[in-house]
Asks: 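First, the structure itself, so that you have it in front of you.
Reckoned from all heavy atoms, side chains included, excluding hydrogens, waters and symmetry mates. Just so you know, ligand 1 is whichever comes first in the structure, and atom 1 is the first atom listed for that ligand.
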Amino acid sequence: MECKIKIEKGKHLELLTLMNRIRLFEQIAEELFLHGEVPGFLHSSIGQEASAVGVCAAIGIDDYMATTHRGHGHVVAKGGDVNRMMAELYGKVTGYCRGKGGSMHISCRELGILGANGIVAGGIPITTGAALSAKMRGTDQVAVSFFGDGASDEGAFHESLNIASIYKLPVLFVCENNHYAESNPQAKHQNIKDVAVRAKAYNIDSVIADGTDIMDVYQKTLTAVEQLRKGNGPILMENKCYRWSGHYVGDPAVYRPKDEPLEWKTNRDPIKLYAGFLMENKIADSKELEAITEQETKRIWDAVEFARNSDDPDLTVAMEDVYA
Ligand SMILES: Cc1ncc(C[n+]2csc(CCOP(=O)(O)OP(=O)(O)O)c2C)c(N)n1
Ligand SMILES: [Mg+2]
């Protein structure tokens, strides 16, 4: 891990805190889901925290972001409140969507979160539209679209890159290449190694980052966002990473080589790598890092209590927010 720019200690600790918050949110939600307490469907992004936090740290609250079915990390990284997120997972009225969206549809306009999305590649045209709106209104806002390697095979991805290129829209297309689309390894669903090569077809720039190395992701995103704000057109970023668990919580993931997850967990754990970097460079000591984990563990269990103690939505709201 290498840091070529000046980053204050407070910022480093903030980034590590967010990574811990994501991991603990998902670990605890997963445990409660497997106990039957959390309803619906969960997709964990554990192992991909450096991508979510590194990208979102390089944009502001006024910038837009849309994500996928695997979006808890992106929402936390964009400033999401874990109480309201957990309540949404529980289907409670205090949740971000008043309990009507669940894990895969969390959105928050005030934070520029245009939504998680159960439709693969569904967020990409939405973000492209937000970037068009920013351009038409003459603001310097940018829009970030998170999606997977599988989503980059969808027509919506190609159409969005095409139109964003033509209109030079300020969109950062962030492909989190975790090498699987459901049970399909990358080689079975696309005949390329780097999704980034697809930028060439639309005559836009691309950049590849190590999605387990937060400093690499953060610095490359800062550079990309600077280009976007100058009006130089969209960029396709590819963060190489790995989801530690199966496609969804409960997926036995028998389609993966047995040793593969262990190898990533042992050698490419984004949190362990960053903590090691901070200690080696004497930016923080182990006590400070342990205090962060403790604080975030408490924060998530408090969020669980908040969700447990919140009300279910009234049945009449089922007919609200419905367009016909
Ligand atoms: C349009 C559409 N097609 C198929 C699905 C079913 N589906 C859900 S997730 C997924 C795989 C997505 O893979 P990727 O984009 O790599 O994201 P990852 O799950 O790896 O984060 C598929 C095919 C869907 N939800 N929407
Ligand atoms: Mg994938």
Asks: Would you say Y242 and E263 are linked by a side-chain donor-acceptor pair, where the criterion is simply a distance under 3.5 Å?
Replies: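 No.
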Asks: Which residue holds the protein heavy atom closest to atom 23 (C) of ligand 1, what is that atom called, and what is the gap in Å?
Replies: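 Result for atom 23 (C) of ligand 1: E182 OE1, 3.5 Å.
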Asks: Just jot down the ligand 1 atoms closer than 4.0 angstrom to any heavy atom of N178, in number order.
Replies: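 Counting from 1, the qualifying ligand atoms are 18 (P), 20 (O), 21 (O).
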Asks: For the pair E305 and R308, find out whether any cationic side-chain nitrogen is under 4.0 Å from an anionic carboxylate oxygen.
Replies: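 Here E305 pairs with R308 in a salt bridge, since their nearest N and O are under 4.0 Å apart.
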Asks: So, of the N/O/S atoms that D149 has, which is the nearest one to the Mg ion (ligand 2)?
Replies: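 The atom in question is OD1.
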Asks: Under a plain distance cut-off of 3.5 Å, with no hydrogens placed, do S44 and R70 share a side-chain donor-acceptor pair?
Replies: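 Side-chain D/A pair, R70 to S44: absent.
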Asks: Which ligand 1 atoms are under 4.0 Å away from a heavy-atom of R70?
Replies: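 Selected atoms, number and element: 18 (P), 19 (O), 21 (O).
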Asks: Looking only at protein heavy atoms, which one is nearest to atom 24 (C) of ligand 1, and how far off is it?
Replies: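 Looking at atom 24 (C) of ligand 1, the protein heavy atom closest to it is V120 CG2, 3.5 Å.
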Asks: What I want to check is whether the side chains of D153 and Q190 have a donor and an acceptor closer together than 3.5 Å.
Replies: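 A donor-acceptor contact under 3.5 Å links the two side chains.
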Asks: If you measure from the Lys or Arg side-chain nitrogens to the Asp or Glu carboxylate oxygens, is any gap between K4 and D216 under 4.0 Å?
Replies: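 Answer for the salt bridge query: no.
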Asks: Is the closest basic N to carboxylate O distance between D194 and K240 below 4.0 Å?
Replies: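 Yes.
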Asks: Of the backbone atoms (N, CA, C, O) and the side-chain heavy atoms from C-beta on, which set of E176 has a member under 4.0 Å from an atom of ligand 1: side chain, backbone, both, or neither?
Replies: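 It is neither; nothing of E176 touches ligand 1.
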Asks: Judging by distance only, is a nitrogen or oxygen of A181 under 3.5 angstrom from one on ligand 1?
Replies: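 No, there is no polar N/O contact under 3.5 Å.
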Asks: Are L15 and M1 co-members of a hydrophobic cluster defined by side-chain heavy atoms under 4.5 Å apart?
Replies: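 Yes, M1 and L15 fall within the same hydrophobic cluster.
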Asks: How wide is the angle at the Mg ion (ligand 2) between OD1 of N178 and O of Y180, to the nearest 10°?
Replies: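 For OD1 of N178 and O of Y180, the angle centred on the Mg ion (ligand 2) reads 90°.
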Asks: If you measure from each non-hydrogen atom of F147 to ligand 1, which part falls under 4.0 Å: side chain, backbone, both or neither?
Replies: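 Within the 4.0 Å criterion, F147 makes no contact with ligand 1.
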Asks: Can you list the ligand 1 atoms lying under 4.0 Å from a non-hydrogen atom of A151?
Replies: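 The atoms of ligand 1 under 4.0 Å from a heavy atom of A151 are 15 (O).
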Asks: Compare Q190, H43, H69 and give the one whose heavy atom is closest to atom 19 (O) of ligand 1.
Replies: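 The residue whose heavy atom sits nearest atom 19 (O) of ligand 1 is H69.
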